[in-house]
Amino acid sequence: MQTNRQNERCRVAVLISGSGSNLQAIIDAVNSSVAANSSAATDPGYQICAVISNRPDVKGLERAAKADIDRVTLDHKLYPTREAFDEVLANTLDGYQPDLIVLAGFMRILSDGFVKQFKGKLINIHPSLLPKYPGLNTHQRALDAGDSHAGCTVHFVSEELDGGPAIIQAQTNITHCNNAAEIAQQVQVLEHKIYPIAIDWFANDRLKIDNNHSFLDNTQLPASGYVVS
Ligand code: GRF
């Protein structure tokens, strides 16, 4: 598979809005130098070049500081429109020349222009078994529907909210869960497992998007993405 990468190691920018537990999972994967499912035993093949938050003083920024990663706060409230914020965000990202942009609990809808600009190198993690429950309150919706399983999906970002092609998905039984918080706790464990795997695949040139489908090792993935148990 061809790569357009200019640097040897894939440069990953992580966008956050809050706690950053997914960011921490990615930092840990880099630090352990053995990203899950990686063929490279000693080098994950990527580095986190920047962490950008649209909210000041969030825990995720502390996590980045502790890991000695460049941090930028772009408070969206200081910009008059979504497009104005996205333009500054895009310019900031351009300064870091990322090969991959990872949305990790980034609670902002991105404008179509932004998504187009970074298409193919923009991924998100969503706390549901997509295509079920795009949008908010996913765990409550799973509970209300009486679903036996909940989960999470990493997907390429397209102009449609939570609608881009899936990359990897994990699910867990929730029949014993009494509320959305219990489900969230269970699902987050899976999030922390699958996000580093997806990044590892991308960084090692195993993953790409073509014609709105995800491909792993040149094989088209199913609509759910690669399913891990
Ligand atoms: C995660 O549950 C993710 O699926 C959702 O936002 C949450 C972010 O959590 N998009 P964290 O900031 O990574 O702890």
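In each ligand, atom 1 is the first atom listed, and ligand 1 is the first ligand listed. Computed from a prediction, not measured in an experiment: that's the story for all the values here. For this chain, numbers begin at 1 and follow the sequence in order.
The protein heavy atom nearest to atom 10 (N) of ligand 1 is Ile125 O, 3.4 Å. At the top of the distance list for atom 9 (O) of ligand 1, counting protein heavy atoms only, stands Gln188 NE2, 3.2 Å. Here the protein heavy atom with the shortest distance to atom 12 (O) of ligand 1 is Gly20 N, 2.8 Å. Nearest protein heavy-atom contact of atom 14 (O) of ligand 1 is Ser21 OG, 2.5 Å.
Ring pair Phe114/Phe118 is tilted by interplanar angle, where 30° to 60° counts as tilted. Ring orientation note: the planes of Phe106 and Phe85 are close to parallel, at an angle under 30° on the 30°/60° scale.
Ion pairing between Asp147 and Arg141 fails under the 4.0 Å rule for side-chain N and carboxylate O.
If you number the atoms of ligand 1 from 1 as listed, the ones under 4.0 Å from a heavy atom of Glu191 come out as 1 (C), 2 (O), 3 (C), 4 (O). Listed by number with element, the atoms of ligand 1 under 4.0 Å from a non-hydrogen atom of Gly105 are 6 (O), 8 (C), 10 (N).
Taking only nitrogen or oxygen atoms, main chain and side chain alike, His126 does not reach within less than 3.5 Å of ligand 1. The distance criterion of under 3.5 Å between nitrogen or oxygen atoms is not met by Met107 with respect to ligand 1.
Judged by distance alone, the side chain of Ser128 and the main-chain N or O of Tyr133 form a donor-acceptor pair under 3.5 Å. Judged purely by atom type and a 3.5 angstrom limit, Asn22 has no side-chain atom pairing as donor or acceptor with the backbone of Ala104.
Residue nearest to atom 5 (C) of ligand 1, selected from Ser19, Ser17, Pro127: Pro127 (by heavy-atom distance).
Side-chain contact between Gln169 and Cys152 is absent, with no heavy atoms from C-beta onward closer than 4.5 Å.
Ligand 1 is never approached by Ile16 to a heavy-atom distance shorter than 4.0 Å.
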- Give the intermediate values and the outcome of side-chain contact (heavy atoms from CB on, under 4.5 Å) for residues Asp43 and Arg9. CA-CA 9 Å; Asp43 189 331; Arg9 266 167 137 212; 3.3 Å; yes
